[in-house]
Protein chains: 2
Amino acid sequence: MQHIQFFGNHLRQLREEANLPLRKVAAALDIDPSTLSKIERGERVANEGMAQIIAQLFDQPVDELKIMLWSDRIAGELCNEENIPEILENTRKKINYLRAQSLEQGKLDFEE
Amino acid sequence: MQHIQFFGNHLRQLREEANLPLRKVAAALDIDPSTLSKIERGERVANEGMAQIIAQLFDQPVDELKIMLWSDRIAGELCNEENIPEILENTRKKINYLRAQSLEQGKLDFEE
DNA sequence: TTTATATTTGACAAATATTGTCCAGAATAT
DNA sequence: ATATTCTGGACAATATTTGTCAAATATAAA
């Protein structure tokens, strides 16, 4: 699987604007500076916990960062596939369906 | 990560309509019958090679099966996340962008 | 230039996750 | 009731991801 690095690019930009060395941000994230370097360059992937911390650290909306992170991840998985629009639309529908279902389920549990 | 089983349900339906036991289809896929059982029930995941073989075996459009497989997989990864529409739309845009880029790159290589 | 600091790169083991395989028990069909 | 099919769990084998470190490279400051 290929790594997409919009998140990493963004993070590097934030970090450089703040004039912080990898060392500092890595410490905040509790990871090795070399790992952070790889994240910024798309060799490794961040996780949601990191997105949280970065959001705080640079006063960014956490939702945007998470969206960036997830879409990087999924884009990396799908980028060599065909029928991308169909796959994504199907995904959206399935999740909708599943959520509607668990709502139903919730209702039933409540009513019983 | 949770497993979504639209693909598995579909496969089970095809298999039962064809009156084939797990054993037979598993042999065609070169996997253990119990693994196939698990795939049909969403405990394990199929891969693209299996989708190919299933398409042949049951004379189904391979693209549809692959779309089903991939959207199951992505839906499983995302089903507990927020901002699903945004994530999926961002994913689509990124892949578009990356593909436009490699076209560009291709053109440059060719022109040089 | 030297020296210090920051970043990149590669290697490797540790931790996780996935997959293949088998078997015993449950369910279903004959 | 016998045979066949299916399920569920266990377990090792494999693959993937992650953490960690040290050496090489690049950048900045003196």
Side-chain angles (χ1 to χ4, degrees), chain A residues 1-5 7-54 57-58 66 68-81, chain B residues 1-5 7-54 57-58 66 68-81:
Chain A
M1 201 208 75
Q2 195 170 325
H3 286 162
I4 311 296
Q5 49 176 324
F7 179 88
N9 288 340
H10 186 57
L11 173 53
R12 171 149 296 189
Q13 197 171 345
L14 291 172
R15 183 176 63 81
E16 287 181 344
E17 278 169 8
N19 261 305
L20 292 172
L22 288 170
R23 180 170 45 82
K24 293 269 192 187
V25 178
L29 295 173
D30 192 31
I31 60 175
D32 194 274
S34 77
T35 301
L36 180 55
S37 166
K38 285 166 190 163
I39 289 172
E40 289 186 348
R41 289 170 301 109
E43 268 188 48
R44 294 214 178 172
V45 291
N47 60 43
E48 295 211 45
M50 297 178 188
Q52 295 269 11
I53 294 169
I54 289 162
L57 201 56
F58 297 105
K66 286 190 180 179
M68 218 178 280
L69 199 54
W70 275 104
S71 54
D72 271 10
R73 180 183 292 250
I74 309 292
E77 294 182 44
L78 289 181
C79 66
N80 294 316
E81 295 307 314
Chain B
M1 200 210 78
Q2 192 171 328
H3 286 161
I4 312 295
Q5 48 177 326
F7 179 88
N9 287 342
H10 186 57
L11 173 52
R12 171 149 296 189
Q13 196 171 347
L14 291 173
R15 184 176 63 79
E16 288 182 341
E17 278 170 8
N19 260 304
L20 291 172
L22 288 170
R23 179 170 45 82
K24 292 270 191 183
V25 178
L29 295 172
D30 192 28
I31 61 176
D32 195 272
S34 78
T35 302
L36 180 55
S37 166
K38 283 164 191 161
I39 289 173
E40 289 186 349
R41 287 171 300 112
E43 268 188 46
R44 293 214 179 170
V45 291
N47 60 42
E48 295 212 45
M50 296 179 189
Q52 295 269 10
I53 294 170
I54 289 162
L57 201 57
F58 297 105
K66 285 188 180 176
M68 218 177 280
L69 200 54
W70 274 105
S71 53
D72 272 10
R73 178 183 294 248
I74 309 294
E77 292 181 46
L78 290 180
C79 66
N80 295 315
E81 295 307 314

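Letters A, B, ... are given to chains in the order of the sequence lines, protein chains preceding strands, and every chain is numbered from 1. Since the model is a prediction, treat every value here as computed from it, not as a measurement.
The CG atom of B/N19 sits 15 Å away from the C1' atom of D/dC6 (whole-angstrom rounding). Per the geometry, CG belonging to A/L36 stands 14 Å off C1' belonging to D/dG19, to the nearest Å. Rounded to an integer number of Å, the gap from CG of A/D30 to P of D/dT18 is 15 Å. Distance A/I31 CD1 to D/dT20 P: 10 Å, rounded to the nearest Å. To the nearest angstrom, C1' of C/dA17 lies 16 Å from CG of B/N47. In this structure, the CZ atom of A/R44 is 7 Å from the C1' atom of D/dG19, given to the nearest Å. Going from atom CD of B/Q2 over to atom P of C/dA17 covers 16 Å, rounded to whole Å.
Between its opening and closing five pairs, the helix from C/dT1-D/dA30 to C/dT30-D/dA1 changes axis direction by 30°, a value rounded to 10 degrees.
A salt bridge (Lys or Arg N to Asp or Glu O under 4.0 Å) check over residues 18-35 of chain B, counting only residues at least two apart or in different chains, returns nothing.
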Where along nucleotides 4-9 of chain C does protein come under 4.0 Å, by heavy atom, of base (B) or sugar-phosphate alone (S), with - for untouched nucleotides? --SSBB
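With sequence neighbours left out, A/K38 forms a side-chain hydrogen bond (donor to acceptor under 3.5 Å, both in side chains) with no residue at all. Qualifying side-chain contact (heavy atoms from CB on, under 4.5 Å) partners for B/H10, counting only residues two or more places apart in sequence or in other chains: B/L14, B/Q60, B/L65, B/M68. Among residues two or more places apart in sequence or in another chain, the side-chain hydrogen bond (donor to acceptor under 3.5 Å, both in side chains) test is passed with B/R41 by B/S37, B/E43. Applying the side-chain hydrogen bond (donor to acceptor under 3.5 Å, both in side chains) test to A/Q2 and every residue at least two apart in sequence or in another chain returns nothing. Here B/Q13 pairs with nothing under the side-chain hydrogen bond (donor to acceptor under 3.5 Å, both in side chains) rule; sequence neighbours left out. Applying the salt bridge (Lys or Arg N to Asp or Glu O under 4.0 Å) test to B/E81 and every residue at least two apart in sequence or in another chain returns nothing. For B/E16, the side-chain contact (heavy atoms from CB on, under 4.5 Å) criterion is met by B/R12, not counting sequence neighbours. Remark: B/R15 engages B/E40 in a salt bridge (Lys or Arg N to Asp or Glu O under 4.0 Å) (not counting sequence neighbours).
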Can you give me the N/O atom pairs linking the protein to nucleotides 28-30 of chain D at distances under 3.5 Å, or say none if there are none?
none

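For the atom pair B/D72 CG and B/E77 CD, the distance stands at 11.5 Å (nearest 0.5 Å). Note that CG of B/L11 is 7.5 Å distant from CG of B/L29, once rounded to the nearest 0.5 Å.
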